[in-house]
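In what follows, a structure is listed as structure tokens, so that the remarks can point back to it.
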Amino acid sequence: MKYWLIKSEPDVFGIEDLKKAQVEPWDGIRNYQARNFMRDEMEIGDLALFYHSNTKPPGVCGVARVASRPYPDPTQFDEKSKYYDPKSKEEEPRWCLLDFEFVAEMPNYVSLDDLKAEAEGKLEGMLVLRRGNRLSITPVEKKHFNHVLKMGGLAAKDVS
DNA sequence: GCCAACGTTGGC
DNA sequence: GCCAACGTTGGC
């Protein structure tokens, strides 16, 4: 089982929205590296830290779980969608997505500052703390995942 | 709203 | 295949 961090802007789709929807197709990923993670490496049951970006303060607010195999992102063929990609062909889709399901909301919001405070300790090497990192999906080491979980006030049993 | 970082595009 | 121009992300 692998661990991930997925970013989302709460104004667009936050943890509350996921909680309400329970399962959500993670559409709109238009970055090859992030796509490849979904297409090639994510498996059903993998857990992801749900991160709120572009908000004050940014930080980890919950946990989600991979709930489907990858499949073509329908928004790439929708001319009215902001994610429309005219270069993508139905017979050879360029972008894929998969579903995430709600697992838990953190009792304690773990802000980016909180994460940074441990950047040279327990969370050393965590990709989201790297300067200039803009990737919306990043792999997370198990020990980092578990530590952030604890910081957020969750135990392993809360996400199993 | 600014701007640094970084990915993508397209001319050559 | 290089690289300048451009667009986007996301913290501040």
Side-chain angles (χ1 to χ4, degrees), chain A residues 2-21 24-42 46-66 70-100 102-141 144-145 147-153:
Chain A
K2 294 197 175 81
Y3 299 90
W4 307 92
L5 180 143
I6 56 176
K7 293 182 188 171
S8 189
E9 300 188 21
D11 290 346
V12 180
F13 191 87
I15 189 74
E16 317 265 305
D17 299 304
L18 183 62
K19 190 175 185 177
K20 207 176 299 171
E24 179 75 8
W26 210 246
D27 61 19
I29 299 294
R30 295 293 180 269
N31 170 286
Y32 289 105
Q33 229 180 320
R35 179 204 66 184
N36 293 348
F37 283 137
M38 291 197 295
R39 191 188 60 188
D40 306 330
E41 300 202 40
M42 282 192 182
D46 282 1
L47 292 172
L49 298 170
F50 197 107
Y51 179 93
H52 279 170
S53 65
N54 251 317
T55 187
K56 284 203 290 193
V60 177
C61 56
V63 177
R65 183 190 287 119
V66 176
Y71 57 97
D73 181 343
T75 62
Q76 69 194 307
F77 305 122
D78 178 2
E79 284 183 47
K80 291 187 209 72
S81 169
K82 66 182 247 194
Y83 300 122
Y84 176 62
D85 183 351
K87 292 186 196 155
S88 187
K89 300 274 163 289
E90 297 250 7
E91 58 277 13
E92 201 188 341
R94 180 181 291 203
W95 306 108
C96 71
L97 53 68
L98 36 70
D99 297 344
F100 278 99
F102 176 81
V103 174
E105 201 168 348
M106 300 235 163
N108 314 315
Y109 184 73
V110 184
S111 72
L112 183 58
D113 280 345
D114 296 336
L115 295 173
K116 280 181 178 166
E118 308 225 28
E120 266 122 58
K122 290 256 172 64
L123 298 180
E124 188 175 8
M126 198 171 172
L127 288 175
V128 77
L129 299 176
R130 266 211 346 222
R131 186 158 171 247
N133 171 57
R134 303 182 310 155
L135 204 52
S136 58
I137 297 178
T138 52
V140 173
E141 291 176 43
H144 291 161
F145 180 89
H147 190 63
V148 175
L149 212 59
K150 201 188 297 176
M151 291 170 80

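All chains are named by letter (A, B, ...) in the order of the sequence lines, taking the proteins before the strands, and each is independently numbered beginning at 1.
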Ring pair (Phe, Tyr, Trp, His ring centres under 6.0 Å) partners for [X], two or more places apart:
| X | value |
| --- | --- |
| His52(A) | Phe50(A) |
| Phe102(A) | none |
| Tyr83(A) | none |
| Phe37(A) | Trp4(A) |

Sorted by chain and number, sequence neighbours left out, side-chain contact (heavy atoms from CB on, under 4.5 Å) with Arg39(A) holds for Arg35(A), Asn36(A), Cys96(A)
Under 3.5 Å, which protein N or O atoms sit close to an N or O of nucleotides 5-12 of chain C? Give each pair with its distance.
| unit_1 | atom_1 | unit_2 | atom_2 | d |
| --- | --- | --- | --- | --- |
| dT8(C) | O2 | Arg134(A) | NH1 | 2.3 |
| dT9(C) | O3' | Arg134(A) | O | 3.3 |
| dG10(C) | OP1 | Lys7(A) | NZ | 3.1 |
| dG10(C) | OP1 | Arg134(A) | O | 2.9 |
| dG11(C) | OP1 | Tyr51(A) | OH | 2.7 |
| dG11(C) | OP2 | Asn54(A) | N | 3.1 |
| dC12(C) | OP1 | Lys116(A) | NZ | 2.5 |

